[in-house]
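Following: one structure in structure tokens, then a few remarks.
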Amino acid sequence: MRLTGKTTLLALLLGSACAGAAELELEVEIPALNVAEYHHPYVAIWVEDTKGQHQQNLSLWYDHDMRDDEGQKWLKDLRLWWRRSGRQLEFPVDGFSAATRPVGTHKLEFSSNSPVIKDLPGGDYRLVVEAAREVGGRELLRLPFQWPPQERQEIVKQGSNELGRIQLVVKP
Amino acid sequence: MKKLIAAALLAAGIGAVSQAHAHRAWMLPSATVLAGDTAWVTMDGAVSNSLFYFEHHPLNLDQLEIIGPRGEPVEALNRATGKYRSVFDAELTNDGTYTFEIRRSGLAGMYKLNDKPVRWRGSVDEVKDIPEDAEGLRLFEMDNLMQVFVTKGAPTYETFEAQGVGLEMVPVTHPNDLFAGETSEFRFFVDGKPAADLDVVLIRDGIRYRDQVDEMQLKTDAQGSIFVEWEQPGMYWLETELEQPGKRLDNAKRRMSYSATLEVLPL
């Protein structure tokens, strides 16, 4: 793994929020689709600044355990994520990648205890969720938030194709 | 007026060349942005009127070279030549940018022998072998370059260097990092020097499904650069030509061309 600091994400993902720590709570809905051939979408979740500069990967769901790493082949279909981050990474990446997820709402929690989030300079950011599906389409949603949070922020976006309801709650 | 010129050219026995000129030679990659441990790209090559349709001739792959991200040669596999197109594959094992190119340099000529038009190709040394009773001999120096860029993983720039012969393009914006709504810079060189005031044409694929070709016409600035504002994603064919007095032969014309196929993705 080339990028320093990324391994700490493991702690970030697994760690529970301590008292006093700010928190990102994310709900990502993978919608049920009425299609003949359905595959779980690849999903990348990251933080960018207001200029679109990539700051931090939070999650990557893809076919990470296919034979001969065949599943990596389609990561470039997460077009924006591939350009901003993916193409610079060496796979497999530790800490933020995992298997694809089925239809339903998936909850993710990120505590600010991690040095990664703690080092995020104060300012305006966007949480980006990008989904791409084999023999399907692609969709990208951006949820703006402020860091560190002064007060509770709740941002909800509704996807129209590959993503369902996305909710981000940022707590001081 | 155009008809008159065409008639004059035909009379001079070079109609064949002006006709061949109307055709476009191109390569079309299966993908330009790839991911994974190892990746394959398959390439079509053809000479045709309309882009990117197979309707005239397969592309001659004799001069094909594939240059890997560190300058290493890569083999073209599974070559095949059909009625209208050529095909080959390449396996990309290293991360970085691969250049697929066909460089053709040499002399071409035409003359009449016993009232029959003859087309000739050869080197400077072979000019003396042209029969003495050849009539209306016209010789052209040719320097043609065609390129396609393909990247696995992160784009690399190390192999973008002008060799100093003919028309060449050195990307400033990486050619596998082109997105609709953005502006890209490409720099052109003639014999290694910035090529100012060069006319560059860009044509997007899918001509069959629209009424106009809608080509973009750009001119290089004093530094040899064009700045392309991509309005739409797609596969684009870029071409520029230049004619100069002969460099290797007196009383010959020198014809240079550069073409590339570039993919622009939607953001």
Side-chain angles (χ1 to χ4, degrees), chain A residues 1-3 6 41-44 46 48 50-54 57 60-93 97 100 126 128-142 161-162, chain B residues 29-42 68-70 89-99 148-160 171-185 228 230-236 262-267:
Chain A
M1 203 164 119
R2 213 186 311 163
L3 296 192
K6 290 281 161 68
Y42 278 26
V43 176
W46 74 98
E48 66 176 19
T50 50
K51 288 177 188 152
Q53 294 273 345
H54 182 271
N57 285 318
L60 173 67
W61 306 340
Y62 77 107
D63 291 327
H64 68 308
D65 54 0
M66 280 176 78
R67 198 158 48 94
D68 298 330
D69 295 321
E70 266 289 301
Q72 289 175 23
K73 184 174 172 180
W74 312 107
L75 285 172
K76 48 106 187 151
D77 290 341
L78 294 164
R79 238 170 18 231
L80 189 67
W81 176 79
W82 184 249
R83 186 187 195 198
R84 297 275 189 257
S85 171
R87 68 189 189 185
Q88 276 100 28
L89 302 177
E90 276 177 36
F91 289 87
V93 287
S97 65
T100 55
R126 293 182 299 222
V128 190
V129 182
E130 183 177 21
R133 183 167 51 89
E134 188 179 346
V135 300
R138 167 194 177 260
E139 186 162 25
L140 183 139
L141 291 173
R142 289 188 162 96
N161 295 297
E162 304 301 331
Chain B
S30 54
T32 60
V33 174
L34 295 121
D37 262 359
T38 182
W40 285 82
V41 64
T42 185
R70 293 166 201 139
D89 298 333
E91 185 177 18
L92 318 182
T93 51
N94 294 322
D95 274 359
T97 300
Y98 293 72
T99 304
V148 172
F149 306 96
V150 173
T151 295
K152 180 171 90 73
T156 51
Y157 284 82
E158 283 75 7
T159 51
F160 298 158
V172 179
T173 306
H174 195 286
N176 297 133
D177 200 23
L178 310 179
F179 288 84
E182 297 188 355
T183 300
S184 306
E185 181 182 356
V228 189
W230 305 109
E231 283 178 17
Q232 295 188 67
M235 203 63 94
Y236 285 77
L262 301 169
E263 187 174 32
V264 178
L265 296 173
L267 252 193

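In this text the structure is predicted, and so the values were computed from the model without any measurement. Scope of the values below: all heavy atoms of this structure, side chains included, with no hydrogens, waters or symmetry mates. Per chain, numbering begins at 1; letters A, B, ... match sequence-line order.
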Study note, to complete from the structure: Residues passing the ring pair (Phe, Tyr, Trp, His ring centres under 6.0 Å) test with A:Phe91, sequence neighbours excluded, are none

Exercise for review: Side chain from CB out, backbone as N, CA, C, O: work out which of these in B:Leu34 comes under 4.5 Å of a heavy atom of chain A, or both, or neither.
Suggested key: backbone

Exercise for review: Flag yes if more than 12 heavy atoms outside B:Glu231 fall under 6.0 Å of its CD atom; otherwise flag no.
Suggested key: no

Review point. Quick one: salt bridge (Lys or Arg N to Asp or Glu O under 4.0 Å) partners of B:Asp177, sequence neighbours excluded?
Key: A:Arg83, A:Arg87

Study note, to complete from the structure: Heavy-atom nearest pair, A:Trp82 first then B:Gly153, reads CZ2-CA, 3.9 Å

Review point. Between atom CG of A:Leu89 and atom CG of B:Asp95, what is the distance when rounded to the nearest 0.5 Å?
Key: 11.0 Å

Exercise for review: Verify the neighbour count for atom CH2 of A:Trp74: are there more than 12 heavy atoms of other residues, nucleotides or ligands below 6.0 Å?
Suggested key: no

Practice item. Mind ranking A:Arg79, A:Lys76, A:Arg138 by heavy-atom pairs under 4.5 Å with chain B and telling me who comes out on top? Key: A:Arg79

